[in-house]
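For reference, the structure discussed in these notes is given below.
One-based numbering, in listed order, for ligands and for the atoms of each.
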Amino acid sequence: MSAATTTDRDSMDFAKTKALFHLPDGVIYLDGNSLGPLPRSAAARVTKAVTEEWGEMLITGWNKAGWMAQPAALGDRIGRLIGAPNGSVVLGDTLSIKVYQALASALEMRPDRKVILSDSGNFPTDLYMAEGLIRSLAQGHELRVVAPEEVAANINDKVAATMLTEVDYRTGRLHDMVSLTAKAHAAGALAIWDLAHSAGALPVDLTAAKADFAVGCTYKYLNSGPGGPAFIYVAPAHADTVRPALSGWLGHEAPFAFDLDYRPGHGIERMRVGTPPVLQMAALDASMDIWDRADIQAVRLKSIELTELFIELVERDCPGLTLASPRDPANRGSQVSFHFAEGYAAMQALIARGVIGDFRAPDVMRFGFTPLYIDEEDVRGAVRILADVVRNDLWDRPEYKTRARVT
Ligand SMILES: *Cc1c(COP(=O)(O)O)cnc(C)c1O
């Protein structure tokens, strides 16, 4: 697995990377798996994009400031973290949209097959998008959702594509991308991977795994800010033949020819749809300056140290919490979840005391570990406060039990 490398984590100075992020005073932020914090340089970068580019260049910014080239340029930089060669990743839209695009193209490549195989640990939007696509196609496709551990056994010659999220958003359980992709291919199916909780969390090698499609978001571990664009990868072997279902003008071979007929663009460019979010990409650009210098193997080793320490301390000091994540770090991503009957209220009590994680129904308290800006001292501090909350029933107050719109 990823830990078996020659890299040691001292190849990175995590005290230095921590200083590159703005973290509010008094906050221990264990939710970078949901929304990454602000890179300090992002505020100035976005301001520059607003004032010097949008403000001064107006529409000429598309060329002069390189806005139009950014979705592919940033895609290449993300590609380094996920084992994707230059020219195989492009940014745009939201992850839900990118899931739809990947799946639509995959189904078109396997017209004789009708099953999309996914698992019950997948993030609901991926399943919802598949349902909507099936309805629009009206060709008799079926979304088959099995337990995560039963995916391999359900790959057969009816399956057009597997659609799996590598790291389970709720428990952090890690699928074996290499073996499941190989199994899919042996059965004649295509493999689509959602890297929402993988990109920037652990090393991914899409090329070695021979993945056909991959998608992911940038506002989680990659810190592009709320609403940052998603990315999509298409294996180079397919990139010039896949047919985009969302055939927008910026995926056209010649957008500014304004032809009346759609012709797909070259390679990954065809997976673009419409106008890219320039200001949001400016924030991502600042974040990628940090990621460009990061050693993802070292990040992974440090993440394992932090999650192992967190589990050890919670199990020692926090009665009533039971581990919901795989115990073996080789089988989990960069987050740790615990079941706790009063999980929602306990998380609110925790947040009120400056420790930010999140809650996932029905009873999961989820904590993300992001070595670029979270260290051992944060882990110890968070568990001290969590222990206080659960040992002294500090969660047992009405104001902690009212559910907000976003949990
Ligand atoms: C976070 C996440 C999403 C979010 O999709 P958006 O369209 O960006 O809101 C989708 N899928 C998975 C697996 C996720 O973890």
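In summary, Asp396 and Lys401 engage in a salt bridge, as defined by a charged side-chain N under 4.0 Å from a carboxylate O. Under 4.0 Å is where a charged nitrogen must lie from a carboxylate oxygen, and between Arg327 and Glu315 at least one such pair does. Between Arg77 and Asp285 there is a salt bridge, since at least one side-chain N of the basic residue sits less than 4.0 Å from a carboxylate O of the acidic one.
Counting the atoms of ligand 1 from 1 in the order shown, those under 4.0 Å from a heavy atom of Ser96 are 5 (O), 6 (P), 7 (O). Heavy-atom contacts of Asp194 reach the following atoms of ligand 1: 11 (N), 12 (C), 13 (C) (cutoff under 4.0 Å). Interface of Thr165 with ligand 1, defined as ligand atoms under 4.0 Å from a residue heavy atom, comprises 13 (C). Listed by atom number, the atoms of ligand 1 under 4.0 Å from His197 heavy atoms are 15 (O).
Only the side chain of Ala196 comes within 4.0 Å of ligand 1, counting heavy atoms alone; its backbone N, CA, C and O stay farther away. Of all the heavy atoms of Asp126, the ones lying under 4.0 Å from any atom of ligand 1 belong exclusively to the side chain.
Geometrically, ligand 1 and Thr94 share a nitrogen or oxygen pair separated by less than 3.5 Å.
Among protein heavy atoms, atom 3 (C) of ligand 1 sits closest to Leu95 CD2, 3.5 Å. The nearest heavy-atom contact from the protein to atom 8 (O) of ligand 1 is Tyr219 OH, 2.7 Å.
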Checking Arg332 against Thr307 for the side-chain hydrogen bond (donor to acceptor under 3.5 Å, both in side chains) test, could you report, in this order, the C-alpha distance in whole Å, the side-chain angles of both residues, the deciding distance, and whether it holds? CA-CA 10 Å; Arg332 86 179 170 244; Thr307 55; 2.8 Å; yes

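The closest approach between Lys220 and ligand 1 falls below 4.0 Å for a heavy atom of the residue.
In this structure, Arg80 contributes its side chain and Trp291 its backbone to a donor-acceptor pair below 3.5 Å.
Applying the salt bridge (Lys or Arg N to Asp or Glu O under 4.0 Å) rule to pairs touching residues 133-143 yields Glu142-Arg144, sequence neighbours excluded.
Scanning both residues, Phe14 and Pro371, for their nearest heavy atoms gives CD2-O, 3.2 Å.
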